[in-house]
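Below: one structure, written as structure tokens.
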There are 2 protein chains.
Amino acid sequence: MRVTIEDVAKKAGVSKSTVSRVMNQNYHHITEEKRQKVFQAIRELDYRPNALAKGLKQMKTSTIGVILSNLQNPFWMKVLEGIEDLCQEEGYSLMIVNSRDNLAREEENVKGFLMRQLDGLIINPSLGQNPVFQSLEAYHVPYVFLNRKVQDIQADTIVVDNIKGVSLAVDHLVGLERRRIAVFLYPPEGISPRLERIEGYLKALRANRIEVREDWIKIVTNREDCRREMQVLLEAQERPNAILSTNNMLTLDILESLKESGYRVPEQIGVVGYDETEWSKHLDPPLTTIVQPAYEMGKAAVKRLIERIRAKEQKVQLAAETMELEPSLIVRRSCGGLGD
Amino acid sequence: MRVTIEDVAKKAGVSKSTVSRVMNQNYHHITEEKRQKVFQAIRELDYRPNALAKGLKQMKTSTIGVILSNLQNPFWMKVLEGIEDLCQEEGYSLMIVNSRDNLAREEENVKGFLMRQLDGLIINPSLGQNPVFQSLEAYHVPYVFLNRKVQDIQADTIVVDNIKGVSLAVDHLVGLERRRIAVFLYPPEGISPRLERIEGYLKALRANRIEVREDWIKIVTNREDCRREMQVLLEAQERPNAILSTNNMLTLDILESLKESGYRVPEQIGVVGYDETEWSKHLDPPLTTIVQPAYEMGKAAVKRLIERIRAKEQKVQLAAETMELEPSLIVRRSCGGLGD
DNA sequence: TCGATTTCAGAAATCGTTTTCTAAATCGTA
DNA sequence: TACGATTTAGAAAACGATTTCTGAAATCGA
């Protein structure tokens, strides 16, 4: 039934040690004859070493854990692809879990990974902090934060320049003579990209000498909310001529709300989205959007994590680093102005 | 640094056995006094048992492996959510991997899971067969196939009734006097849902006494292909007045191709999609679509897998079963006819 | 009070690997 | 021929938990 190294050893007429050495290409002092016998036995029995036993002995599982805060969002699927590709290349397996922006679940996930002796963790934190992250330090397990910064913890963090992202969008709108820009966002709640995007909005307005209107900063939590706020916005005497969305899911709600109110995009109001998705170009009208290098983020996280794993193996200290990637803008028709 | 059961035992002044018994709430014959001491030590040392050691000894990892063929597709994210929810409830952890419709990767994934001694596997097979699936039987590891049927292997399989799905769509179109229905699909390549959807199309046409036109069955592999085939279709003398898509990604390409050709949906041509997504309702026009119970599929797979794991533990035989879930139709505006 | 039973808890074996230790066999050289 | 050095490969000790075995102490019944 379950084949162990002992079965192979018996079949090949050698000791367990010899089989192990052959398995791990530790051919140091092993005669060709025995080696062949072992190979033969392995093949005949379809032997696969038990990863638990191996990991237990070697104190190394060759597995990286990934905690994502929202698997539903296609943005993360692209990040994941980057993570997968580099891990595969480097011989690491992946264990992926979904915290769904829930602190308790996130804590469970971290603890589960610690117990499993994973070699390293990539975490997209659900909030700006979580007490369980302290354990990571205590356990000396290498880890990298992704996309969101965590307060009070000195750790490697891969992020995208959100200030820059938003300012690309604002500058684009201003260039099209759309200076009356409202912004929609989810409640910041200490989540760094949200905070930075609103900060970027304020900065970019200032840079363009546009006066900030508090009532054009709309914090919404769900579709209903979005719809309501949109009505308030559109029924005022002074209306914006552009809306900046700060999240790809939110963008869909914004477009729907506008459609319901009978507003035409981009003729009456322009819209800029955040994140490029499969469907961005299929929306009506095709969406101008700020794109974050998702795939590269995934790769960068793995790259840094592996550096850290190596450093730990070789007992060298590594200073915590924040790596900032560059966003860009894809111009389509949702802000008008372009001939396209 | 790394805290083991021995450290806890020492600190509490008891034996490893006692600590283990307390950890596993095996209070059978343990005095309150020692129990408290152990608890105290565990708390002070922030002890977490090593899952590898535990798994090795117990021959059980409390982990289920999931092999998905395409993580990019949002359909699978919903399936995954169902899987996650039930696993969480039942105390299983998840290990998720992405085979990307690649046989070699799929084989690697299966082998990796076997080595890790996972308690059970949920597999969305990339093709109709893969030799590595034989190993599953040999290793006596419980597993369930999801969404796609596998030939030559008697195994539990969770699917959706594709014949029914397509016929819902065809009947809907016929009800709106759209009897000239073309269908687009990816190359079947022995993948059961694709085969069944085309079969369902033929059946539904027959049931409605519509003659099948071979040149209205379009097999495409990518966006370019789709565009090309669409042109051929629209430049013919006899044109369809409805298009049935058999995949959610394909639907986007179809809509784009139609838009490019200047065709208006639904006035000139109706479109039915497959799978409900975040964006279906935001497309232009909002999409009428066949919806598969994704979340329920995930739950059903876990439910059956756990039955099988239990059966193995209790050494009872279980006959392979195919469970078929029911699709339904969401009617929006992409086929016209509705007042909405 | 004595032997039998029950209650408690530690010692030791086990899971399947890797790795260190040890020893036999072979070889080269004096 | 003898002896140390080098190959070669098995025996045994980890890794960190669980679980079986074992034995001492406490309790019970007569």
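So you know, we letter chains A, B, ... as the sequences are listed, proteins then strands, and number each from 1.
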Can you check the [X] [atom1] to [N] [atom2] distance for me, whole Å?
X       : N      : atom1 : atom2 : value
B:Lys60 : D:dA17 : NZ    : P     : 18 Å
A:Ile42 : C:dT17 : CD1   : C1'   : 13 Å
B:Glu32 : C:dC8  : CD    : C1'   : 14 Å
B:Arg35 : C:dC8  : CZ    : C1'   : 14 Å
B:Leu56 : D:dT18 : CG    : P     : 12 Å
B:Ile30 : D:dT19 : CD1   : C1'   : 13 Å
A:Lys10 : C:dG16 : NZ    : C1'   : 13 Å
A:Ile5  : C:dC15 : CD1   : P     : 14 Å

Check step by step if side chain to side chain contact (heavy atoms under 4.5 Å, CB included) holds for B:Val19 and B:Val14.
CA-CA 7 Å; B:Val19 177; B:Val14 300; 3.8 Å; yes
Among the candidates D:dC15, C:dT19, C:dG16, find the nucleotide nearest to the side-chain atoms of A:Asn50.
C:dG16
Minimum-distance nucleotide (side-chain atoms of B:Thr4 versus C:dG16, D:dG10, D:dG16)
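Closest of the options to the side chain of B:Thr4: D:dG16.
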Between [X] and [N], is there a contact of a side-chain N or O with OP1 or OP2 at under 4.0 Å?
X       : N      : value
A:Thr31 : D:dA9  : yes
B:Ser20 : D:dT18 : yes
A:Ser15 : D:dG10 : yes
B:Gln58 : C:dC15 : no
B:Lys34 : C:dG10 : yes

Check: A:Thr61 main-chain N/O paired with A:Asp119 side-chain donor or acceptor under 3.5 Å
yes
I'd like to know if [X] reaches the base of [N] with its side chain such that a donor and an acceptor end up less than 3.5 angstrom apart.
X       : N      : result
B:Lys54 : D:dT18 : no
A:Ser17 : D:dA11 : yes
B:Arg2  : D:dG16 : no
A:Arg48 : C:dG16 : no
A:Lys16 : C:dT17 : yes

What distance do A:Leu86 atom CG and A:Tyr295 atom OH have between them, rounded to the nearest 0.5 Å?
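So the CG of A:Leu86 and the OH of A:Tyr295 are separated by 8.0 Å.
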Any B:Val302 side-chain heavy atom under 4.5 Å of B:Ile122 side chain:
yes
Please tell me which of B:Thr18 and B:Ala53 maps to the more 5' nucleotide of DNA chain D, matching each residue to the nucleotide holding its nearest heavy atom.
B:Ala53
Using every non-hydrogen atom in the two residues, find where B:Ala9 and B:Ser15 come nearest and quote the distance to one decimal.
CB-C, 3.8 Å
Any base atoms under 4.0 Å from A:Leu52, or only sugar-phosphate, or nothing? Heavy atoms, all strands.
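Nothing: the residue A:Leu52, judged by heavy atoms under 4.0 Å, touches no strand.
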Over all strands shown, is A:Met23 touching base, sugar-phosphate only, or nothing at heavy-atom distances under 4.0 angstrom?
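Counting heavy atoms under 4.0 Å across all strands, no contact is made by A:Met23.
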Tell me if the centroids of the rings in A:Tyr143 and A:Phe133 come within less than 6.0 Å of each other.
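When the ring centroids of A:Tyr143 and A:Phe133 are compared, they turn out to be at least 6.0 Å apart.
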